[in-house]
There are 2 protein chains.
Amino acid sequence: MTVPPEAEREGVGDVARLRSIPEASVARLALYLRTLGELSEQGAETVSSDELAAVTGVNPAKLRKDLSFIGSYGIRGVGYEVRPLVHQLEQSLGLNHRQAVALVGVGNLGHALAGYGGFDGRGFPVTALFDVDPDLVGIHINGILVEHVREIPRIAAERGVTIGMIATPGPAAQAVCDLLVSAGVQCILTFAPVVLQVPADVEVRKVDLAVELQILAFHVARRNLDHPGVTTGTTNGHALVNGAADNRTVNGSGGIHS
Amino acid sequence: MTVPPEAEREGVGDVARLRSIPEASVARLALYLRTLGELSEQGAETVSSDELAAVTGVNPAKLRKDLSFIGSYGIRGVGYEVRPLVHQLEQSLGLNHRQAVALVGVGNLGHALAGYGGFDGRGFPVTALFDVDPDLVGIHINGILVEHVREIPRIAAERGVTIGMIATPGPAAQAVCDLLVSAGVQCILTFAPVVLQVPADVEVRKVDLAVELQILAFHVARRNLDHPGVTTGTTNGHALVNGAADNRTVNGSGGIHS
DNA sequence: GCAACTTTGTGCGTGCGTTCACAAGCGGCT
DNA sequence: AGCCGCTTGTGAACGCACGCACAAAGTTGC
């Protein structure tokens, strides 16, 4: 009569499936793909969920459920055929064609990112570099000319950039982000320690290196509470710090806490 | 009804509280701390949870709950006093004394990390650099001598290193990790695209740049399924995606787990 | 001093993500 | 050919995290 319930499976194909993949699973699927690539180089034909889970450090059941989101390509009693699975993962993750990347900010971090081979080798060629520093605009990095950020709208559109990376200082990030968005970039990876305001249809991922270290520092502190006196730790008292050579300088020297 | 508030509050102190802070909250606490530092520079004395939540892109209730994990230092009807809150956050996150960082691998990415000011400025001085490349061992970066990785156990212990950063190629990462662990390092931040095997008492956080891009590529692919034919560059996007529009925040703030 | 307003702190319902456990399916062995 | 063992795929329970909504507590104005 109305909706044939069986038709959900075949006809819809990947479209409906992709939209329903949980965000956490997407991150792991990318991890599986890289690991499978290494296994493939080592000549593996098939791999079981237990093996792949052990290598990637993931629960086997979770891995199987993740793979089920992109369709069932495993063989019961055997495992997964590596090559077909790699192909399916690449297609589901949108890696079947290369994604041009624009990198804004070629200072300390950006310069390294521009030369990082891990991007180009995985289908993300950095095709445009931008900065505002007159000393940087005009130079070549890895054979790519650094252009002025004001050229972002034109060049990004010309070269079909789909992903933008922001490696500028924090204060400049929002303006750069706006330029990228105006150029039609819908996905942005930022290293700037600010919250970017973007339209709802633009996806932003943030990598905050200082926050990563602070999270680790928290674990150090927690351990020292458990095992005091292990290393250089002293708990209370005048352990004050964090302030001197800093652009933040936020040590309130008032003892509010006994 | 009268609530007996004379509960178990003072005696527990921070020890029990720290252990119970959810991992996701710890990541956000670090974010609040940085934002508060900026607000403090701008002369703010107090800040309400709504204001701070707006700047950091977090739900106000979630923010208040996060802060409640480290103790209640807000004033009802007013907000939070910035300086005491900063101090409390620093103490809870273990930032009241500097954490020496060792960086292994001063190639492309590592070189940038060594010169990145964001670490030293936030209480994480990079105090030791290591590599295996004879062309790199012996040079100075930011005034720090690059030593051979075989010196890791001795130098890391000497300089009280508590955090290790690994920016080596993937194949070398595990060996470097073992050296750091043998030197007593309990927290490791790795950029190598491999799963590190460590003892249970060592904390590892992984930042995988290629995976980050692949996650973004997935979102590009998903959008292209919605709008086939829309390549890029169509400047004015009325690209309303699906009507879903769940107010999933713009900030990924993803926890990158090991 | 009292009332009205503001903001914190938190109990609770809801939804997502993870994990367990098991049925279904496939290949190899006899 | 048929049985056995192995592995996938998934239903269901568990746990965590998020966000709403409200009471408690403090401030401002009269």
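In what follows, chains are A, B, ... by sequence order, proteins preceding strands, each numbered from 1. Note that these values count all heavy atoms, side chains included, but never hydrogens, waters or copies made by symmetry.
Close to C:dG9, at under 4.0 Å from its OP1 or OP2, lies a side-chain N or O of B:Ser72. Distances shown here put every side-chain N or O of A:Ser49 at or beyond 4.0 Å from the OP1 or OP2 atom of D:dT7. Within the structure, every side-chain polar atom (N or O) of B:Tyr80 is placed at least 4.0 Å from both OP1 and OP2 of D:dG26.
Nearest-nucleotide mapping onto DNA chain C: of A:Ile75 and A:Ala24, the residue sitting toward the 5' end is A:Ala24. Two residues, A:Asn59 and B:Arg64, neighbour DNA chain C, and the one matched to the more 5' nucleotide by heavy-atom proximity is B:Arg64.
Regarding A:Ile70, its CD1 atom lies at a distance of 14 Å from the C1' atom of D:dT8, rounded to whole Å. For the pair A:Tyr73 OH and C:dC26 C1', the interatomic distance rounds to 18 Å; values are reported in whole Å. Between the P atom of C:dT7 and the CG atom of B:Leu63 lies a distance of 14 Å, rounded to the nearest Å.
Using a distance-only test at 3.5 Å, with no hydrogens or angles considered, no donor-acceptor pair links the side chain of B:Arg28 to the main chain of B:Asp66. Checking side-chain atoms of B:Ser40 against main-chain N and O of B:Gly37 turns up no donor-acceptor pair under 3.5 Å. No donor-acceptor pair closer than 3.5 Å links the side chain of A:Glu203 to the backbone N or O of B:Leu216. A:Gln214 places no side-chain N or O within donor-acceptor distance of the main-chain N or O of B:Leu93, the cut-off being under 3.5 Å.
You'll find a donor-acceptor pair under 3.5 Å spanning the side chain of A:Arg76 and the base of D:dT8, going by distance alone. Side-chain atoms of B:Lys65 stay outside donor-acceptor range of the base of C:dG9, with no qualifying N/O pair under 3.5 Å.
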